[in-house]
Number of protein chains: 2
Amino acid sequence: MVTIKDVARAAGVSVATVSRVHNDSALVTADTRGRVRAVAERLGYSPHAAARSLSTRKTNGIGVLLPDLHGEFYSELIRGIDQRAQRHGFHLLLASSHNEKAAIAAALQSMRGRVDGLIVMSPAPGAHLQVRDMASFPVVLLNSAAVGAEFDALAVANAHGATQMIAHLIGLGHRRIAMIKGPVRNHDAAERLRGYRAALKEAGIGADESLEAQGDFTDASGYAAANELLGRTPRPTAIFAANDAMAIGALSALREAGVRVPQEMAVTGFDDIPMARYMHPPLSTVRVDIAALGERATDRLLEAVASRRKHRKRREVVPVTLVIRESCNSPVRRDAS
Amino acid sequence: MVTIKDVARAAGVSVATVSRVHNDSALVTADTRGRVRAVAERLGYSPHAAARSLSTRKTNGIGVLLPDLHGEFYSELIRGIDQRAQRHGFHLLLASSHNEKAAIAAALQSMRGRVDGLIVMSPAPGAHLQVRDMASFPVVLLNSAAVGAEFDALAVANAHGATQMIAHLIGLGHRRIAMIKGPVRNHDAAERLRGYRAALKEAGIGADESLEAQGDFTDASGYAAANELLGRTPRPTAIFAANDAMAIGALSALREAGVRVPQEMAVTGFDDIPMARYMHPPLSTVRVDIAALGERATDRLLEAVASRRKHRKRREVVPVTLVIRESCNSPVRRDAS
DNA sequence: TTGTATGCGTTATCAT
DNA sequence: ATGATAACGCATACAA
């Protein structure tokens with residue numbers, strides 16, 4: 001491997017000069033600069049990142065710790081983060097934890113000295129405490145339950161979005177609105193459920209727990225939950241799934257059962273992943289600008305990294321918008337059939 | 001930041017001993033080991049990765065350079081890579097190049113000293129040469145045109161897959177089979193086109209360039225291309241898109257145009273991204289086990305990293321399989337209408 | 001403007 | 001079994 005010494009020797013200068021050339025220091029004549037550049041080019045030299053990090057105490061890297069890498073949600077999130085990071089000259093270190101404590105610890109370990117800050121999305125409750133205690137660098141939390149001056153966090157307007165969607169369905173005339181819930185100990189899932197219940201209560205429609213089916217954010221669970229809900233009597237006229245993947249699974253189950261959407265059953269999701277609009281019928285959903293969420297998180301983190309101590313931590317909520325497509329409609333009148 | 005020195009001082013031992021404890025060296029008594037461990041724990045110490053890399057000349061990181069991060073293909077690929085890497089104790093460094101020479105150079109620069117090897121997928125021709133000349137570590141190429149003893153490469157059976165699919169359509173009775181092509185200078189796209197033409201020729205069906213519409217792998221381009229093909233007379237009875245995203249765009253265009261799939265037009269794709277089976281109708285496609293591709297690439301790279309020089313470079317082709325769903329069918333007889 | 005020398009945090013070699 | 005110390009490759013304060 002060619003090091004700074006090799007270049008220095010070949011160019012007949014000191015290592016300091018080579019270093020200066022590479023860091024665009026003004027304290028070097030155009031002449032020597034050109035000479036060093038040429039030699040470096042010829043030798044195929046480029047500085048060793050680890051060594052530089054050690055010396056400068058900067059890595060120009062940011063870590064991204066995700067619970068999973070499956071599906072379009074994470075892909076969009078990473079895209080947003082990478083875009084912003086790249087613009088600021090930072091690179092990405094990716095790790096998935098599957099929400100296991102040990103994996104989180106391992107990731108945090110290997111991040112130390114490799115990144116200047118970390119974006120972590122870990123829906124498991126308590127994970128943010130573990131991260132806080134272990135991380136020796138700024139951290140931005142995504143969709144975590146963490147609140148307070150100790151954390152920098154970004155959250156989606158989960159409850160609000162759910163409420164909006166349910167209100168929309170109620171406006172359409174629906175009364176028996178079922179929900180496919182997300183994972184039990186997931187914060188986003190809990191908030192969406194809260195919004196669902198609140199909207200129902202607000203409209204004077206009593207809660208009916210038999211209309212709340214359990215899911216886990218996977219399409220398979222949405223499929224199963226929809227079949228379960230089909231057995232309820234009287235049957236619900238609308239299904240609100242806590243995320244798009246489950247709504248898509250439900251769509252699949254309904255098609256197989258010969259239940260027409262939206263005529264016999266309205267279906268709505270949450271997230272607006274790219275494929276939602278390509279469903280048949282196109283899926284109504286609560287849009288979260290996922291890439292923007294990633295960008296915002298990156299901005300916050302970079303800000304924290306740059307201003308080290310004088311950075312004020314806070315929780316920030318990113319808005320959502322209703323996207324009404326064809327998967328929801330007015331319910332058919334029961335007495336008309 | 002708490003360093004190894006702090007721990008050594010607090011534990012009343014030398015830094016060497018602390019280092020030994022952390023590296024599970026046998027040359028340290030259980031007693032001191034326990035004491036050091038306790039102190040390290042109390043102080044919240046964990047070794048600085050950059051420093052360690054500098055000393056050991058190992059980073060335990062692998063770089064992943066992708067042309068883009070958009071869509072399910074890359075997300076699945078990354079998932080496969082991460083899974084394998086994590087199992088071997090390696091972490092991921094992600095970068096997207098958008099196929100710009102400068103971006104590739106920048107990524108390669110920042111990888112230096114941070115990774116032990118690199119997986120690069122850069123459909124642009126010539127990119128592999130640039131990578132070869134700049135990289136100071138083992139590289140595994142994904143879907144590149146590179147051949148020869150100089151490169152370690154993994155490729156998808158593009159031409160074969162395309163041929164298989166076209167043969168299937170011909171078997172169904174289709175004769176006017178259109179293709180939505182991928183980006184002009186993309187290697188995968190070129191191979192898929194080659195397979196398409198070969199299958200047609202093999203069946204004694206002359207090539208008809210008016211049935212080859214240009215696309216660029218995005219759903220929007222598939223949408224436009226399908227509309228273009230709808231104008232051809234006589235109209236094709238089947239469309240083979242060079243990837244699923246374009247097939248999905250085509251499906252959208254056909255629905256808007258009131259053309260029934262598969263009755264009036266068969267549609268097939270390539271890749272079998274997760275959402276393909278959720279289309280309406282479910283999309284027939286050529287399945288590439290994307291995650292497995294990522295895993296295989298990682299295995300190859302890790303192998304190269306481990307055995308440094310004595311590693312024999314070679315090109316390996318991963319197989320594809322036909323997945324026939326409902327989006328293709330026998331064509332309606334022209335004379336029957 | 002350039003060179004010398006020290007330190008960054010860790011591992012590894014050589015003593016002890 | 002443990003300690004002192006020289007690398008590792010680079011940046012930078014200080015000298016010249």
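The figures here come from the full heavy-atom set of this structure, side chains too, leaving out hydrogens, waters and symmetry mates. Computed from a predicted structure; not experimentally measured. Labels below follow one simple rule: chain letters A, B, ... track the order of the sequence lines, proteins then strands, and each chain is numbered from 1.
Each of B/Arg35 and A/Tyr45 has a nearest nucleotide on DNA chain D; the 5'-most of these lies closest to B/Arg35. Comparing A/Ser55 and A/Thr32 along DNA chain C, the residue whose closest nucleotide (by nearest heavy atom) sits nearer the 5' end is A/Thr32. Take the nearest nucleotide of DNA chain D for B/Ala26 and for B/Leu54: the residue whose nucleotide is more 5' is B/Ala26.
In the interface, the side chain of A/Arg57 is not paired with the base of C/dG9 through any donor and acceptor atom under 3.5 Å apart.
Classification of B/Arg37 and B/Asp24 as a salt-bridged pair holds, one side-chain N sitting under 4.0 Å from a carboxylate O. Ionic pairing of A/Asp152 and A/Lys313 is not present here: no N-O contact between side-chain nitrogen and carboxylate oxygen is shorter than 4.0 angstrom. The residues B/Arg84 and B/Asp299 are annotated as salt-bridged, a charged nitrogen and a carboxylate oxygen being separated by less than 4.0 angstrom.
Here the side chains of B/Pro67 and B/Met121 are in contact, with some heavy-atom distance below 4.5 Å.
Rounded to whole Å, atom P of C/dT1 lies 11 Å from atom CZ of A/Arg20. B/His22 places its NE2 atom 14 Å from the P atom of C/dA12, with the value rounded to the nearest Å. Distance, B/Asn60 CG to C/dT11 P: 12 Å, rounded to whole Å. In this entry the distance linking CD1 of A/Ile4 with C1' of C/dT4 reads 14 Å, nearest Å. Between B/Asp24 atom CG and C/dT10 atom C1' there is a gap of 16 Å when expressed in whole angstrom units. Spacing between atom NZ of A/Lys58 and atom C1' of C/dG9 amounts to 19 Å, rounded to whole angstrom units.
Expressed to the nearest 0.5 Å, how far CD1 of B/Ile62 lies from CG of B/Asp82 amounts to 8.5 Å.
Where DNA chain D meets chain A (any atom under 4.0 Å from a heavy atom), the bounding nucleotides read 5' to 3' are D/dG9 to D/dA13.
Considering only side-chain atoms of A/Thr17, the nucleotide from C/dT2, C/dC14, C/dC8 that sits closest is C/dT2.
Residue contacts shown for A/Val18 are absent, as no nucleic acid heavy atom lies under 4.0 Å away.
B/Asp116 and B/Thr59 are linked by a side-chain donor-acceptor pair at a separation below 3.5 angstrom, with hydrogens and angles left out of the test.
Checking the phosphate oxygens (OP1, OP2) of C/dT11, a side-chain nitrogen or oxygen of B/Ser19 falls inside 4.0 Å.
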Next on the checklist: Could you walk me through whether A/Val120 and A/Leu108 satisfy the side chain to side chain contact (heavy atoms under 4.5 Å, CB included) test, starting with their C-alpha distance in whole Å, then the side-chain angles of each, then the deciding distance to 0.1 Å, before giving a yes or no?
Outcome noted: CA-CA 10 Å; A/Val120 36; A/Leu108 251 30; over 6 Å; no
